Structures are given as structure tokens and as C-alpha cells.
2 protein chains.
Amino acid sequence: MKIALAQQNYNIGDFEGNLVKIKEAIQTAKEDGVDLIVFPELAICGYPPTDRLYFKHFIDHCDNSITELTEISQDIGIIIGAPTERNKVKGQEDIKGKPLYNSAYFISDGSVQNIIHKTLLPTYDIFDEARYFEANSNFEIINFKNKKIALTICEDMWSVIEPYMLYGVSPLEQLVKENPELIINISASPFDYEHANERLEMLKVNANTYKLPIFYVNNVGAQTDIVFDGGSVVVQSDAVIYDQMDYFKEGLRNYDLDDVIAGGNKEDRVNELQKDPSIIPKIREALVLGIRDYFLKTGFKKAIIGLSGGMDSSLTAVLANEALGNENILALILPSEYTSEDSINDANELAKNLGIKILAPSIKELVSNFSNVLDPFFKDKSADVTEQNIQSRIRSLLLMAFSNKFGHILLNTSNKSEIATGYGTLYGDLSGGLAVLGDVYKTQIYEIAKDMNAGKNFIPESVFTKAPTAELSPGQKDSDDLPEYEILDQILLQYIEKHRGVEEIIQMGFDKSVVNDVIKRINTNEHKRYQTPPIIRISPKAFGIGRRMPIVGKY
Amino acid sequence: MKIALAQQNYNIGDFEGNLVKIKEAIQTAKEDGVDLIVFPELAICGYPPTDRLYFKHFIDHCDNSITELTEISQDIGIIIGAPTERNKVKGQEDIKGKPLYNSAYFISDGSVQNIIHKTLLPTYDIFDEARYFEANSNFEIINFKNKKIALTICEDMWSVIEPYMLYGVSPLEQLVKENPELIINISASPFDYEHANERLEMLKVNANTYKLPIFYVNNVGAQTDIVFDGGSVVVQSDAVIYDQMDYFKEGLRNYDLDDVIAGGNKEDRVNELQKDPSIIPKIREALVLGIRDYFLKTGFKKAIIGLSGGMDSSLTAVLANEALGNENILALILPSEYTSEDSINDANELAKNLGIKILAPSIKELVSNFSNVLDPFFKDKSADVTEQNIQSRIRSLLLMAFSNKFGHILLNTSNKSEIATGYGTLYGDLSGGLAVLGDVYKTQIYEIAKDMNAGKNFIPESVFTKAPTAELSPGQKDSDDLPEYEILDQILLQYIEKHRGVEEIIQMGFDKSVVNDVIKRINTNEHKRYQTPPIIRISPKAFGIGRRMPIVGKY
């Protein structure tokens with residue numbers, strides 16, 4: 001039996017566009033003599049469909065797409081993800097619970113043969129599946145061309161490893177009772193810098209446990225903040241990886257089931273795959289795809305970026321350049337009286353290296369115009385963060401004016417370390433349509449920049465060596481207000497991603513007053529993060545929908 | 001048996017403060033000879049605790065508070081909500097699943113007697129309980145002073161009415177098998193303009209079904225965007241309401257169980273309670289409590305508001321005045337060349353009527369300063385929304401400057417109709433720490449204003465009669481861009497709250513092109529709402545965490 005995995009990039013709610021893409025893959029597969037083609041989870045509507053699932057017409061569209069696929073299934077088997085209304089499922093019409101299943105449709109010979117429902121519904125981090133779906137409790141094997149297939153959906157296979165052991169039932173434990181000959185899993189599994197390795201480990205544990213080959217197809221592409229990384233994989237029954245598709249790219253690849261079952265002779269390739277590649281190039285690819293898909297799927301082409309001469313805006317420009325092309329990027333340099341000549345030179349050099357257009361309206365006059373208006377009211381008060389925020393907000397106002405006038409999307413350049421500690425100005429440098437680096441710690445930013453600069457030298461060397469500064473007051477350095485980033489980022493990681501408390505972090509050997517200060521900063525700045533643009537997620541715990549914290553409360 | 005219901009207002013994570021409040025109520029109850037005192041759901045830590053539940057020290061604090069309560073339980077029974085770690089529950093140590101239960105602790109005679117776990121975990125709208133908790137599947141009755149009590153937690157009783165029939169199991173169906181003599185429910189049930197009536201209906205259906213008296217205690221107080229309205233209630237076994245506590249206020253009230261069981265002689269009172277009071281005064285109280293608690297719980301005292309002379313900012317000022325007192329409100333009037341004399345007069349009159357401080361820095365100069373900077377770059381382009389946004393953003397910049405300099409929180413004055421349609425400027429009039437009216441349709445705003453003006457006349461009559469305008473271009477009216485609010489708000493309600501699609505709404509009799517235009521506006525403005533301040537929730541579907549929509553996608 002010849003099996004094709006279709007690793008595709010969908011647009012949420014674009015039923016027509018998604019179906020065109022799906023049909024093209026089916027056509028190609030037919031021409032290649034494929035018996036069974038497998039598409040990702042909820043491919044019909046795109047993942048995550050969010051509250052669109054509450055709309056009847058959205059579900060109707062899904063049903064219509066499935067019907068269209070039945071009409072081209074006379075000479076091929078199709079497995080594809082779509083939601084199912086439970087009141088249409090025989091025997092479920094009157095059973096109370098959530099109205100939908102998250103399903104895998106098996107279509108062949110002109111009709112839907114089986115609908116397999118997802119059992120384990122991820123409801124943590126960015127996932128809200130229990131919000132929409134009822135969990136399956138009825139296990140069945142599908143039969144096709146004399147093969148018995150255990151068909152599962154994403155999370156259904158994850159509960160074999162920590163920290164995903166969150167369920168009291170195991171779908172594969174149930175399905176193997178029927179002695180299937182292979183496992184298929186359709187997924188929408190997002191990227192983070194740990195997840196691709198976890199995913200391979202999860203697949204190997206399953207192969208080892210059940211001694212069955214696994215065909216695993218993943219979604220690819222970015223949906224605003226969430227990047228799906230593809231990397232679909234075929235695993236032999238001895239847990240050796242037979243083949244893996246590209247990360248961050250669409251693809252369609254065919255496999256002969258007998259070859260996979262025979263397996264065993266791909267040691268070199270497997271060794272290469274099993275090596276843990278440095279994560280930095282993957283983060284870079286995730287960020288580039290995140291930018292590219294945001295623009296593609298919103299129908300915008302052009303980005304605007306404020307260049308400060310610092311590392312964050314430099315790296316954002318380099319990433320945007322890779323994603324969108326230099327002809328689509330406008331950079332604004334917006335010097336104030338505190339901006340150094342070095343910064344202006346570095347920003348100009350970067351723009352020249354990238355070949356992006358640059359404009360430089362000065363904000364000095366505007367700052368003093370605001371002073372003239374405000375001084376009569378502030379007369380008794382000394383300068384403080386207010387005046388720094390005014391500079392930052394004037395810059396944002398100018399960037400947004402260009403954005404509005406010419407139809408550019410403003411890319412936000414804030415990093416995770418400063419967003420965590422509130423070291424940024426709401427409606428100022430925290431503005432933008434998409435935060436490119438908002439899930440990247442400052443120390444990681446240097447690593448990515450180094451990786452991207454290799455052989456290109458887009459970013460001037462001095463940007464790597466100078467001390468980080470917001471340049472909002474005379475001689476200001478980030479380290480005046482914050483711990484050194486090498487320390488800060490480790491504390492942030494422990495608190496944000498590992499959920500360790502103050503006492504636990506201090507016990508790891510960090511300075512007590514530093515830890516207390518950092519954690520306090522994180523907690524008292526929830527109100528700023530509530531209004532931060534969507535952040536491309538590259539870590540297991542990004543700010544945004546995956547991290548839900550009270551704004552008001554005591555810590 | 002004498003039962004006390006303690007309807008209290010907690011601060012999330014303020015274990016010390018919450019415990020002081022809880023102990024005070026226990027002390028009072030002891031002095032009144034109460035046998036059993038009942039507190040709301042998750043009273044120990046506050047509701048909703050959100051991702052704080054992932055922190056071990058947070059759970060440890062909960063355990064410590066429970067231990068402290070056991071020490072004062074020698075002569076009183078205490079029922080109170082707190083999370084439970086499942087690995088500490090006998091027989092559950094090795095069972096996989098989510099690590100916590102949402103529990104009701106029954107404490108007496110110096111120790112925890114029973115821990116009852118929540119079975120039905122709301123996971124819709126603002127609720128994410130399946131994210132944190134495992135559902136209970138083991139049903140037990142508690143025994144106290146020779147009475148058998150069916151103890152339930154909030155949602156456990158809701159599945160008897162639509163649209164809450166979302167579960168395959170009914171806790172009370174299980175519990176009544178043990179023949180309990182009363183039902184107790186501890187809740188954290190939020191306000192919306194339909195929910196209080198639904199709640200009474202739900203309780204009556206349960207009483208009618210099980211022929212048992214119900215003691216229902218609810219949380220009160222605002223947690224950023226969510227307002228809990230109290231209104232705790234005792235229902236007789238014949239579904240007649242025996243008594244109801246106040247909405248939006250803390251309270252402690254004692255009931256003699258025998259009297260409730262005898263019941264039957266409170267017809268007048270019951271009739272009054274069962275009347276559906278106009279919802280407008282309740283919305284007003286919810287908004288006032290929302291403002292007051294946001295300031296109280298963040299430790300801020302003073303608010304700043306931009307007054308335009310229009311209805312939204314006028315009503316926001318009146319609500320803030322009621323919540324915080326006029327001495328704590330600073331109003332800025334920020335006229336531009338398009339601001340009418342009438343608007344300035346109305347804003348001044350309102351400020352005078354309320355006795356709030358008013359300042360009026362003009363933005364005319366600043367607008368022309370920005371023109372000077374931008375004109376060389378914009379020279380070929382005619383004026384458009386860019387220039388309108390600049391005015392709005394200059395106002396925001398000035399408001400935020402005062403906010404930063406003097407420590408005021410900026411109150412956002414946008415209404416739900418304009419937030420829905422994107423008729424507002426990001427980083428301009430969409431700025432603020434808290435959006436007071438963001439869940440209130442424009443047509444409702446006039447009703448609330450009328451209600452609050454009765455006998456006071458804070459808001460000048462002309463504010464009620466003039467046509468709504470943003471005054472960002474010459475002679476501008478909202479109705480130039482938007483349908484009349486009477487039509488618009490009805491379409492918004494159908495789409496946002498009822499989840500009806502375009503076709504369904506057109507079939508209700510609305511104009512096709514108007515519906516298409518409005519729905520398109522809603523969908524293409526998700527990116528603005530992503531960055532809108534937290535909105536006080538007063539409807540069944542507010543923008544914010546309760547409504548999760550893709551920013552990127554096709555509709």
C-alpha cells in the first residue's frame with residue numbers, strides 16, 4: 001500500500017482556498033498511484049478554528065468540503081481532519097455534552113467510511129479543545145485494502161511522555177486490542193524550541209510500546225502567533241525513523257508501507273535526523289514563517305520598522321527582510337536628543353546592507369512641543385519616566401502615521417526580557433501589528449543575530465558589542481534598571497516557562513533581592529502585556545493566549 | 001441547624017487578606033450560634049486563579065489556609081472552596097489526569113471531614129476550568145449534626161437548563177440516591193445582564209426536580225474584567241425563594257434550616273424577588289463595582305478621563321465619580337480645531353456638576369507640529385484616516401503623560417458598538433487601563449445615562465440629544481460611517497452574543513449590504529481588539545478572554 005503524507009499550510013476559515021490545496025494534493029497523489037493520502041488535523045477549516053466553531057455556517061462549510069472530497073474518492077483513500085456535529089452521529093443524538101467532535105474522516109469509494117473522533121483534548125497553554133469538543137470514548141479500527149489501521153488525532157498519542165500524561169485513558173491501548181498493522185496520526189502540533197524533539201521522542205515511545213509503524217502528518221504554517229512546523233515523520237516499528245519531511249515547508253511525500261515495514265537499512269539517514277540540530281536556526285525559520293504568513297494571510301505586503309541602531313530592531317529588520325523582501329520594508333530612524341551618533345550610523349548601515357528604504361524624521365522638535373504644552377501643568381514635578389514615555393510614544397505615533405498613510409504593518413521589536421519586566425512603553429515601543437521577538441529572550445536574540453549575520457554581515461559589528469540601551473535619557477543603559485541579561489533571562493525562564501516560585505528560584509542560587517525584584521516586575525506588568533500585540537510563539541510558554549494571569553491580584 | 005451564608009469579595013492570591021475576612025465571618029457566625037457557615041467557590045485563593053494554579057507555592061498557600069481554618073473549627077462547621085492536589089487524595093495518587101480538583105472543603109471538630117470535588121467544569125466563554133482541574137467521578141454525601149447534605153460546586157447544578165446542558169453526567173442525580181435533606185452549592189458565578197435570572201431559574205428547576213431546599217452562596221466583587229454579583233439565595237423545596245442576599249455587596253446572613261423547610265409563608269417577599277427588575281440599574285452597579293475594585297485591588301486611587309462632551313466619556317465620568325469620588329478624578333478636555341464650542345461647554349458643565357477637576361491643554365498646536373514633520377513625507381497624499389488617528393493619538397499621549405506623572409489610571413471610554421466595528425484608534429481613544437463601557441452597546445449607554453441622571457442631571461441635556469460624533473474631521477457624524485445605532489446594535493448582538501451568521505441575520509429582516517458591511521468590520525478589526533484594555537464584562541459575550549477569534553483568517 002502506498003501512503004502519501006500531505007503537509008500543508010491552511011488559512012483558518014478559507015474553505016475554498018484550503019479545498020483547492022487539498023484537491024491538488026489528491027490529484028498529484030492519484031497520478032503517483034497512491035492508495036491512501038493523509039492530511040493534518042482540522043485541515044478542512046484550519047487550526048485553531050477558535051470560537052468560529054460556535055457558528056453554524058462554519059460547521060456547514062466543513063461538512064460541504066467533506067462532501068466534495070467524497071466525490072473524488074473513487075480511486076483513492078483520504079484521511080483528513082474536520083469537526084463533526086455530535087447530533088448527526090448515530091447513537092449520540094441525545095447524549096448530552098459538547099456539541100462537536102474533533103474528527104478524522106476516512107473517505108473512500110465515494111463516501112465517508114469512518115469518522116474517528118479525538119479522545120485526548122489538549123486544554124493547556126495555547127490549546128482550548130475542551131472548550132469546543134466532546135472527548136471520544138468509542139474506539140474503532142479502520143480497514144482499507146486488507147490493512148487494519150489505528151487512526152489517531154494529535155494529542156491521542158502524546159500521553160506517553162511527560163508533561164503530557166494528563167489523561168485517564170489511552171486511545172492506542174484500546175485500539176491495539178484489534179491488532180492493527182499500522183498507526184496513523186493526523187496533527188496540528190505547533191513549534192516551540194523544545195517541541196520538535198519531544199515529538200520525535202513521543203513517536204519513538206509509541207513505536208517501542210506497540211511495535212507498529214507510525215505515519216505522522218503535521219500541519220505547517222503560522223496562524224498569527226502560533227507557528228506549526230511540519231516535520232511530518234514515518235517511524236518504523238523498531239522506533240527507527242524511516243523518513244522525515246522538512247520543517248517549516250509544505251510538502252507531499254509518498255511511502256510504500258511494505259518498505260517501511262521492511263525498514264532497517266537507513267542507519268546513516270536516521271543518525272543524521274536523530275542528531276539534535278542547534279535550535280537557533282529553527283527559531284529563525286519559525287520567526288520568518290511567522291512574519292511571512294501574517295502578511296500573506298492578511299493580504300498585506302509591506303512592513304514598517306522603527307530602527308534604533310540597537311539589536312532588537314536590527315534583528316527584526318533582518319528577519320522581515322528574509323520574510324518579505326527588502327522592497328517591502330520601510331525603516332524609520334527617529335532620533336531624539338539622547339540618540340547617539342553611533343546608533344544613527346548603525347541603523348543607516350543596516351538599512352544600506354539590507355537595501356531597505358529609510359526615512360529619518362527627527363522627533364526633537366516634537367518632544368519640545370509636548371514639553372511646551374505640558375510644562376505649565378507639570379511645573380512642580382521633576383523629570384521621570386513620563387518624559388521617556390513621551391519620546392517613545394511620539395515615535396510610535398509617527399510610525400503608525402506612516403503605517404496608516406501607506407498601508408504598512410508596523411512590526412513590533414520588543415524582546416521577551418523587556419516585555420516580561422515591563423521595560424517598554426505602552427502605546428510607545430510596545431505598539432505594532434505583530435511582535436516578532438516578543439517570545440525571544442535578549443540573550444537568544446544575540447545568538448539568532450549571529451546566526452543570521454554569518455557570511456552576510458547585515459548587522460554592523462558594533463551592534464553586537466555595545467551595551468543595550470533605550471536611549472531615552474542621558475547615558476541610559478538597560479543595566480541601570482535591569483540585572484545583566486545573562487542572569488535576568490535565566491530567572492525569567494524559571495518563572496515563566498518552568499512555573500518555579502520565588503523561593504524555588506532563590507534556592508537555585510540566584511540572588512534573593514534580584515529574584516524578588518524581577519518577579520515583582522513580571523507580576524506588576526500584566527496590564528502592559530494585556531495590550532501587547534500578538535507575539536510569535538517560539539517557546540513552550542509565550543506571553544499571549546497561552547499564559548493566562550490575573551491583572552489584578554496579590555502575589 | 002443554623003446555617004450562615006458568607007457572600008464575600010476576595011482578592012486573587014491575597015491569602016492573608018482573604019483569610020482575615022473569612023475568619024471574621026466565622027467569628028461573627030460563632031457569636032450568633034451558627035452551626036454551619038458556607039463560603040463561595042475557591043474563596044481561599046479568589047476566583048478565577050488562572051495560571052497561578054500551576055505554581056506549587058500557590059497551592060501550598062491554599063493548603064496552609066485550610067489548615068488554619070481547621071484550628072478554629074471546634075465549635076462550628078465550615079464549608080469553603082479551595083483547590084486540591086490529586087496526588088494527596090487517597091486512591092488517586094497514581095491515576096493520571098489533571099493534577100488538581102476544584103473542591104469544597106467541609107471542616108469541623110478541628111479537622112477536614114470531607115473534600116467534595118467539582119464534577120462539571122465550565123470550559124466556555126471566560127471559563128477555563130478543564131485547563132486546570134480533573135472532573136470528579138466519585139459522589140459522596142456529607143453528614144453534619146444528623147443531617148445529610150448534598151454539597152455541590154457552582155456548575156454542578158447548572159446542567160439542568162439550556163445552554164448549560166454540556167455534560168454527560170449529573171452530580172445531583174448521583175447524590176440524591178443517598179437521600180440528602182438539603183443541597184448546598186458554593187459558587188463563583190459572574191454577572192451578566194441575563195445571568196441573575198438564569199441563576200434563579202436554574203435553582204428553581206433543581207428544587208422542583210429534587211424537592212429539596214437549596215442554600216446557594218455566591219462570590220461578589222470584580223476581578224479586572226469579571227464582576228461577580230453575589231445575590232446568594234435560599235430556595236425552599238417547593239422552589240419558592242425563601243430569601244435572597246444583596247447583589248454587588250458583601251454580606252453574612254443566617255438561616256434556620258427548620259424555618260426554611262417549614263417555608264411557605266413569604267409570598268409577598270417572593271413575588272417581589274421574582275419580579276424581573278429592569279436590568280439597567282444592575283448594569284450600572286456592575287460597572288461601578290468593576291471600577292471600584294480595579295482601583296482598590298491594584299492600590300490606585302485616582303482616575304484620569306478624557307472628556308469630549310459626548311455621551312461615552314460623560315457616562316464614564318459619572319460612573320467613575322460614583323465608584324471613586326469626585327476628589328479622585330481628573331478630567332482633561334483636549335479640543336482640536338474640529339471640536340465644537342458645544343462640546344467644550346458640555347464637558348465643562350459635566351465636570352462642574354460632578355465637582356471634578358478639569359484641565360484643558362489644547363492639541364491644536366501639536367496637531368500642526370506633527371503636520372510640519374509629516375507633510376514632507378506625505379506631500380502627494382490627501383488627508384484620510386491618518387490625520388484623524390493623529391489627533392486621537394495626541395490626546396492619548398497627553399492623557400498618558402498626566403497618568404504617568406501623577407499616578408492616575410486612564411479610564412477608557414470606548415463603547416461596545418465602536419469596539420466591535422473598529423471605529424476607534426489603536427493607541428488613541430482605545431488606550432486606557434480599564435475599559436468601562438467596552439461591553440455596553442451605544443443604545444444601552446443612553447439608557448444607563450438616563451438612569452444615572454435621574455434627579456441628578458449630571459450630564460447636560462444636550463449630550464442626550466446631539467448626534468454622536470468623534471469630531472476628528474469637519475462636520476463628522478458617527479452615522480457617516482456606521483448604520484444608525486438602533487440597527488447596528490441589533491446586528492452586533494446577533495453576531496457577537498448569539499453566534500448567528502450573516503445569512504441568518506439577513507433572514508431576520510436586516511438589510512443585506514448593511515449586515516455584510518457590519519460583519520466584515522467586526523472580523524477585520526480583531527487585531528484592534530487584541531490590544532484593547534480589559535473590558536468590564538456585563539453581557540453574556542464580552543470582548544476579551546471570553547471571546548477567542550483568529551486575527552488572521554478568512555471569513
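Every value quoted in this text rests on a predicted model; they were computed, and no experiment measured them. Each chain gets a letter, A, B and so on, in the order its sequence line appears, and its residues count up from 1.
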Worksheet entry | Min side-chain heavy-atom separation A/N369-B/F370 under 4.5 Å | no

Fill in: Closest contact, heavy atoms only, A/V373 versus B/S362
CG1-O, 4.3 Å

Discussion item. Is A/Y10 close to chain B through its backbone or its side chain, or both, or neither, when contacts mean heavy atoms under 4.5 Å?
Written reply: neither

Discussion item. Can you list everything that forms a salt bridge (Lys or Arg N to Asp or Glu O under 4.0 Å) with A/K96? Sequence neighbours excluded, please.
Written reply: none

Worksheet item: Checking heavy atoms, do the side chain of A/E503, its backbone, both or neither come under 4.5 Å from chain B?
Response: neither

Discussion item. If you compare all heavy atoms of A/T386 against all heavy atoms of B/A401, which two are closest, and at what distance to 0.1 Å?
Written reply: CG2-O, 3.4 Å

Worksheet, complete the sentence: Honestly, the part of A/D125 sitting under 4.5 Å from a heavy atom of chain B is backbone

Response to the item:
Highest number of heavy-atom pairs under 4.5 Å with chain B among A/E387, A/E129, A/E16, A/K56 belongs to A/E387

Fill in: Side chain, backbone, both or neither of A/A135 within contact of chain B (heavy atoms, under 4.5 Å)
neither

Practice prompt. Measure across A/I545 and B/R548 and return the closest heavy-atom pair with its distance rounded to 0.1 Å.
Written response: CD1-CD, 4.3 Å

Worksheet item: Between A/Q531 (side chain) and B/S431 (backbone), is there a donor-acceptor pair under 3.5 Å?
Response: no

Discussion item. So if I take each residue of residues 495-502 of chain B and look for any heavy atom under 4.5 Å from a heavy atom in chain A, which residues do I end up with?
Written reply: B/Y495, B/H499, B/R500, B/G501

Item to complete: Select one option (side chain, backbone, both, neither) describing which atoms of A/Y167 are under 4.5 Å from chain B's heavy atoms.
Response: backbone

Worksheet item: So, for B/G553 and A/N11, which heavy atoms are closest and what is the spacing to 0.1 Å?
Response: CA-OD1, 3.3 Å

Item to complete: With rounding to the nearest 0.5 Å, note down the distance linking CZ in B/F402 to CZ in A/F378.
Response: 5.0 Å

Worksheet entry | Top contributor to chain A contacts, counting heavy-atom pairs under 4.5 Å, from B/I95, B/V385, B/L398 | B/L398

Worksheet item: Is there side-chain contact between A/Y427 and B/L397, with heavy atoms separated by less than 4.5 Å?
Response: no

Worksheet item: Between atom CZ of B/R131 and atom CG of A/L166, what is the distance when rounded to the nearest 0.5 Å?
Response: 11.5 Å

Discussion item. Has B/K405 got a side-chain atom pairing as donor or acceptor with A/S382's backbone, closer than 3.5 angstrom?
Written reply: yes

Practice prompt. Calculate, to the nearest 0.5 Å, the distance between atoms CD1 and CG belonging to B/I551 and A/L434 respectively.
Written response: 8.5 Å

Worksheet item: Taking A/T298 for the side chain and B/V552 for the main chain, is one N or O donor matched with an acceptor at less than 3.5 Å?
Response: no

Worksheet item: With a 4.5 Å limit on heavy-atom distance, are the side chains of A/K98 and B/T123 in contact?
Response: yes

Practice prompt. Measure distances from B/L121 to the heavy atoms of chain A and classify the residue's part below 4.5 Å as side chain, backbone, both or neither.
Written response: neither

Discussion item. At a 4.5 Å cut-off on heavy atoms, which part of A/I363 comes close to chain B: side chain, backbone, both, or neither?
Written reply: neither

Discussion item. Nearest 0.5 angstrom please: B/N404 CG to A/K381 NZ, how far?
Written reply: 12.0 Å

Item to complete: Please assess B/R393 against A/M400 for the test side-chain contact (heavy atoms from CB on, under 4.5 Å), listing each intermediate value before the final yes or no.
Response: CA-CA 10 Å; B/R393 289 181 180 129; A/M400 289 303 296; 3.3 Å; yes

Worksheet entry | chain A contacts, top residue of B/I390, B/L426, B/N389, B/L366 (heavy-atom pairs, under 4.5 Å) | B/L366

Worksheet item: Where on A/P49 is there a heavy atom nearer than 4.5 Å to chain B: the side chain, the backbone, both, or neither?
Response: backbone

Worksheet item: Between A/E134, A/H527, A/K554, which residue shows the highest count of heavy-atom pairs closer than 4.5 Å to chain B?
Response: A/K554

Worksheet, complete the sentence: Note: vs chain A, highest number of non-hydrogen pairs under 4.5 angstrom among B/L430, B/T524, B/N523, B/V169 is B/N523

Item to complete: Name the member of A/F15, A/Y124, A/F58 that forms the most heavy-atom pairs with chain B at distances under 4.5 Å.
Response: A/Y124

Response to the item:
For B/Y530 and A/D225, the nearest pair of non-hydrogen atoms, with its separation, is OH-OD2, 4.4 Å

Fill in: Option that, when pairs with chain B are counted at under 4.5 Å, heavy atom only, ranks first among A/P550, A/G13, A/A130
A/P550

Worksheet item: Of all of A/H61, A/H57, A/K297, A/Q223, which one pairs up most often with chain B through heavy atoms under 4.5 Å apart?
Response: A/K297

Worksheet item: Using a cut-off of under 4.5 Å for heavy-atom pairs, which of A/G428, A/G299, A/P534 has the most such pairs with chain B?
Response: A/P534

Discussion item. To the closest 0.5 Å, what do you measure between CG (A/L330) and CZ (B/F377)?
Written reply: 9.5 Å

